[in-house]
Amino acid sequence: MKFGIIKERKTPPDRRVVLSPKACQAVKTQFPSAEIIVESSEIRVFKDNDYQSAGFEISENMEQCDVLLGVKEVPIAALIPNKKYFFFSHTIKKQPYNRALLQAVLEKNIELYDHEVITNSNGQRLVAFGRYAGIVGAYNGFRTYGLKYNLFELPKATTLPNQQALIDALKRIPLPPIKILLTGSGRVGNGAKEMLDAKGVKEVSVKEYLDSNFDVAVYCQIDVLDYNKRKDGAFSEIINFYKNPSEYESNFMRFAVVTDFYIAGHFYGDGAPYLFTREDAKKTDFKIKVVADISCDIDGPVATTIRPSTIADPIYGYNPKSELETDFRDADAIAVMAVDNLPCELPADASDGFGENFIAAVIPAFFNNDKDEVLERGRMTFKGKLTDRYSYLQDYVDGKE
């Protein structure tokens, strides 16, 4: 089995990679028959020399490889027919801007495996960058808070080499006795929690957060049943919420009236209530003035997120009265950080973490006859057709929806 690590060609450039030089060595140690060829790249966070020093060939010829590993979408012109590809295709939700990409994958007889649908038998994702989105998102949220109130200045995350450098920078800033709310307890939410804990922010319970005042900064991490309640007032279990989200309504405002800085690290499912609406944000007791929306669902459950922001220009202001964008430093503005590709700001760490997951979950499947059906579940296309699991995309491919 010959794996190729392809050059990232999407604009803006992404410096991440599926397998770092160290990860490539780990693959060779575990699976000596595996071969790894690395396509030359001038933008990758790990240089060509790093791979060569680790014992791997640099080549422009990816035709020789069986399996091609990338991060972002591969431009249609760069797709090599009759190969197996792994990358984030951004097609599983029928994204209109990538319809032509999926059409080309089928036309070129490519077997596409989307990282987003590499799951275990319970449907849980096995490879993801979510932890690093949480890490960078929380850091960027602190940076936004400092700029909003002219309290301190943090360097941009993208200018720092790793998570530890972000932590070191956070430890140097003063924090007033604010209340910080964090939604989500998955990879993203817990990545953000890592940074709150590293900064030394005190964690408190829901009751303490809602009812008490503190002379130091505190945070509270909440999950879906903390900020949603059944419409009929009955007792609920979390599985019921996921199965029947329409039976619930938001209970988020009880947090919004005491929160200064909100970090959105939750997963939002179809049919679930919005956390807060534009009308909620107009209320005089709505206290939140800084939002770090890592989840970044546009015009969705976090009403202040009206567009994604960028690494180059990560913060904008939302005026709750006009519902329009404004200068985030304005007194009436809610400062919003909604960068939608946060892990790109920490490319080395993010690549290392992703590679560890990929080696544990995916690489063995090529050598054990896919005994756990990891490849079977993740394969979107085969022999020029959508596989049964992804046949729901046929009308999307045909341009009917």
J.: Checking Tyr316 now: which residues fulfil side chain to side chain donor-acceptor pair (under 3.5 Å) with it, not counting sequence neighbours?
T.: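 Side chain to side chain donor-acceptor pair (under 3.5 Å) list for Tyr316, sorted by chain: empty.
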J.: Over 60° means perpendicular and under 30° means parallel, so classify the ring planes of Phe88 and His90, tilted if in between.
T.: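 Answer is parallel, since the angle falls under 30°.
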J.: Can you check whether Leu375's main-chain N or O pairs, donor with acceptor, with Asp370's side chain at less than 3.5 Å?
T.: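 At least one qualifying donor-acceptor pair exists.
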J.: Any idea how Phe276 and Phe286 line up, ring-wise: parallel (<30°), tilted (30 to 60°), or perpendicular (>60°)?
T.: tilted
J.: Take the angle between the ring planes of Tyr274 and Tyr268 and call it parallel below 30°, perpendicular above 60°, tilted in between.
T.: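 It falls in the perpendicular class, over 60°.
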J.: Please say whether more than 12 non-hydrogen atoms of neighbouring residues, nucleotides or ligands are located less than 6.0 Å from CG in Asp211.
T.: yes
J.: Exactly one of Lys202, Lys199, Lys193 should register a side-chain hydrogen bond (donor to acceptor under 3.5 Å, both in side chains) with Tyr219. Which one does?
T.: Lys193
J.: So Glu60 and Ser40, side-chain contact (heavy atoms from CB on, under 4.5 Å) or not? Walk me through it.
T.: CA-CA 6 Å; Glu60 302 290 347; Ser40 181; 3.4 Å; yes
J.: Can you tell me if CG on Asn122 sees more than 12 non-hydrogen neighbours from other groups inside 6.0 Å?
T.: yes
J.: Once the angle between the rings of Tyr51 and Phe46 is folded into 0 to 90°, is it parallel (under 30°), tilted (30 to 60°) or perpendicular (over 60°)?
T.: perpendicular
J.: Using the ring centroid of each side chain, check whether Phe3 and Phe366 are separated by less than 6.0 Å.
T.: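 Yes: the rings meet the under 6.0 Å criterion.
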J.: side-chain contact (heavy atoms from CB on, under 4.5 Å) between Thr387 and Tyr390: does it pass, once the steps are laid out?
T.: CA-CA 5 Å; Thr387 57; Tyr390 301 99; 3.3 Å; yes
J.: Are the side chains of Leu275 and His266 in touch, meaning some heavy atoms are under 4.5 Å apart?
T.: yes
J.: Pick one: which of Thr183, Asn190, Asp226 meets side-chain hydrogen bond (donor to acceptor under 3.5 Å, both in side chains) with Gln221?
T.: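 Output: one option passes, namely Asn190.
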J.: Identify whether NZ of Lys or CZ of Arg in Arg230 sits under 6.0 Å from the centre of the six-membered ring of Phe235 and within 45° of that ring's axis.
T.: no
J.: Tell me, yes or no, whether the heavy-atom count around Lys94 atom NZ, taken from other residues, nucleotides or ligands under 6.0 Å, exceeds 12.
T.: yes
J.: Taking atom CZ of Phe267 as the centre, does the number of heavy atoms from other residues, nucleotides or ligands within less than 6.0 Å exceed 12?
T.: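 No, CZ of Phe267 has 12 or fewer neighbouring heavy atoms, counting only those of other groups under 6.0 Å.
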J.: What do you reckon, is CG of Asp232 surrounded by more than 12 foreign heavy atoms closer than 6.0 Å?
T.: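 Enclosed.
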J.: For the ring pair His115 and Phe129, is the centre-to-centre distance below 6.0 Å?
T.: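 No, ring centres 6.0 Å or more apart.
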J.: Look at atom NZ of Lys2 and say whether more than 12 heavy atoms of other residues, nucleotides or ligands are closer to it than 6.0 Å.
T.: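 For Lys2, atom NZ is crowded (more than 12 foreign heavy atoms under 6.0 Å).
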J.: Do Glu208 and Phe214 have side chains that approach each other closer than 4.5 Å (heavy atoms only, starting at C-beta)?
T.: yes
J.: Could you check whether any side-chain heavy atom of Met337 comes within less than 4.5 Å of a side-chain heavy atom of Phe328, counting everything from C-beta outward?
T.: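 No, their side chains stay 4.5 Å or more apart.
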J.: Is the CG atom of Asn82 crowded by more than 12 outside heavy atoms at less than 6.0 Å?
T.: yes
J.: Would you say the side chain of Glu325 lies within less than 4.5 Å of the side chain of Arg307, judging by non-hydrogen atoms?
T.: yes
